[in-house]
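Hydrogens, waters and symmetry mates play no part in the numbers below; they use all other heavy atoms, side chains included. So that the names make sense, note that chain A is the first sequence line, chain B the second, and so on, each numbered from 1. Keep in mind it's a predicted model, so treat the numbers as computed, not measured.
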Protein chains: 2
Amino acid sequence: MEEQIVDVLKKSQLSVTDSRRKILELFLQADSAMAHHDIETKAGEKFDRVTVYRTLQAFLEKGIIHTIPTPDNSVKYALCKDNCEQGHHHDDHVHFICKICGITTCLDDVHVPEIKLPRGYKTQQTEVVVSGICKECS
Amino acid sequence: MEEQIVDVLKKSQLSVTDSRRKILELFLQADSAMAHHDIETKAGEKFDRVTVYRTLQAFLEKGIIHTIPTPDNSVKYALCKDNCEQGHHHDDHVHFICKICGITTCLDDVHVPEIKLPRGYKTQQTEVVVSGICKECS
DNA sequence: CTGCATTTTGCAACATTGTTGCAAAATGCA
DNA sequence: TGCATTTTGCAACAATGTTGCAAAATGCAG
Ligand SMILES: [Zn+2]
Ligand SMILES: [Zn+2]
Ligand SMILES: [Zn+2]
Ligand SMILES: [Zn+2]
């Protein structure tokens, strides 16, 4: 695990610091997407709030994580499992939010469909977020 | 217009007040979705920030407007054109965000596709947000 | 291993966004 | 017009996000 963490950071040309190690560890262990606040809490009081913001920002830019928009306006973050690179994300999977337990998960095997838009519109990215009841809660 | 405004409010069992009239007017005139901040600004200094929050909340509950989640975590609001009712929204259309001009629009004619989920997951609502370049900007 | 340029962190201060309680004002109805 | 009820504005607060800067940590070259 520790090895994997250092590996990911180095591949992304990020220096290896305590906060990055810890936060990346959280993502590797997490089985669902996390909100900024979750991350801050789980990381413990060891790290400043600002550091968490900046670390997430760095991870996003390097393509280590991706964001998930939610209807209640609380962005969540999850690991990129595809080979995302600096500025080039390839997270074309569907996201699921359980209305009962609240967890947000990446459905890595469910690909976003192609949406046919009216003449003149050019698609660059499609986000699909499904809300409902998850496997555990049903 | 004024007639239509009063009509919508009465049908939704909302008393007709200055702020509701003004904010509903903004929605009827708008050609794209608005963020809370846009609404606050466009409504002028006549209304308190809190009143705008509460008015949007009321409109949402009554099914007059619906929310649109965006990747940058800024919820936008738009009129429901279908016959949405108290607690029952039927906004099954795709939303589009232009990365150049920034506008967010309801593509009322583009319906969200059915997404086949893994066994155990139950779909209640599907949100599709497409980012790219709009008709005007391309 | 050590020194040093560069990056990252923590802190403080601030801006923005969203929430709550309550008294005053407006609304709708009799 | 009077009056019960709803809505508003204000104040105070909580949560979230941003910026500048000095101190600390990192990584690299010698
Ligand atoms: Zn669940
Ligand atoms: Zn995902
Ligand atoms: Zn555009
Ligand atoms: Zn819409």
Whichever of Val16(B) and Asp48(A) has the more 5' nearest nucleotide on DNA chain C, that residue is Asp48(A)
Given the structure, check if the side chain of Arg49(A) and the base of dG17(D) hold any donor-acceptor pair shorter than 3.5 Å. yes
Picking from dG10(C), dG27(D), dG18(C), which would you name as closest to the side chain of His36(B)? dG18(C)
Just by modelled atom types, is the Glu40(B) backbone N or O under 3.5 Å from a matching donor or acceptor in the Arg49(B) side chain? no
Would you call the rings of His93(A) and His66(A) parallel, tilted or perpendicular if under 30° counts as parallel and over 60° as perpendicular? perpendicular
Return the value, rounded to whole Å, for the distance between atom CZ of Phe59(B) and atom C1' of dT7(D). 13 Å
Residue closer to the 5' end of DNA chain C, Lys10(B) versus Thr51(A) (nearest nucleotide): Thr51(A)
Watson-Crick or G-U counterpart of dC13(D), or none if no pair lies under 3.5 Å: dG18(C)
With respect to Pro69(B), which candidate in Lys76(B), Glu127(B), His95(B) satisfies the side-chain contact (heavy atoms from CB on, under 4.5 Å) definition? Glu127(B)
Nearest-Å distance, CD (Gln57(A)) to P (dT18(D))? 8 Å
Among dT9(C), dT16(D), dG9(D), the one nearest Tyr53(A) by side-chain distance: dT16(D)
Ranking dC21(D), dT20(C), dT16(D) by distance to the side chain of Val50(B), first place goes to dT20(C)
Is Arg54(B) touching bases, backbone alone, or none of the nucleic acid, heavy atoms closer than 4.0 Å? base
Closest non-hydrogen atoms of Lys122(B) and Ser138(A), given as atom of the first, atom of the second and distance, are NZ-CB, 3.4 Å
Value in whole Å for how far the C1' atom of dG9(D) lies from CZ of Arg20(B): 15 Å
Tell which nucleotide pairs with dA25(C), taking only Watson-Crick or G-U wobble pairs whose two distances are both under 3.5 angstrom. dT6(D)
Counting just side-chain N and O atoms, does Thr17(B) come under 4.0 Å of either OP1 or OP2 of dT8(D)? yes
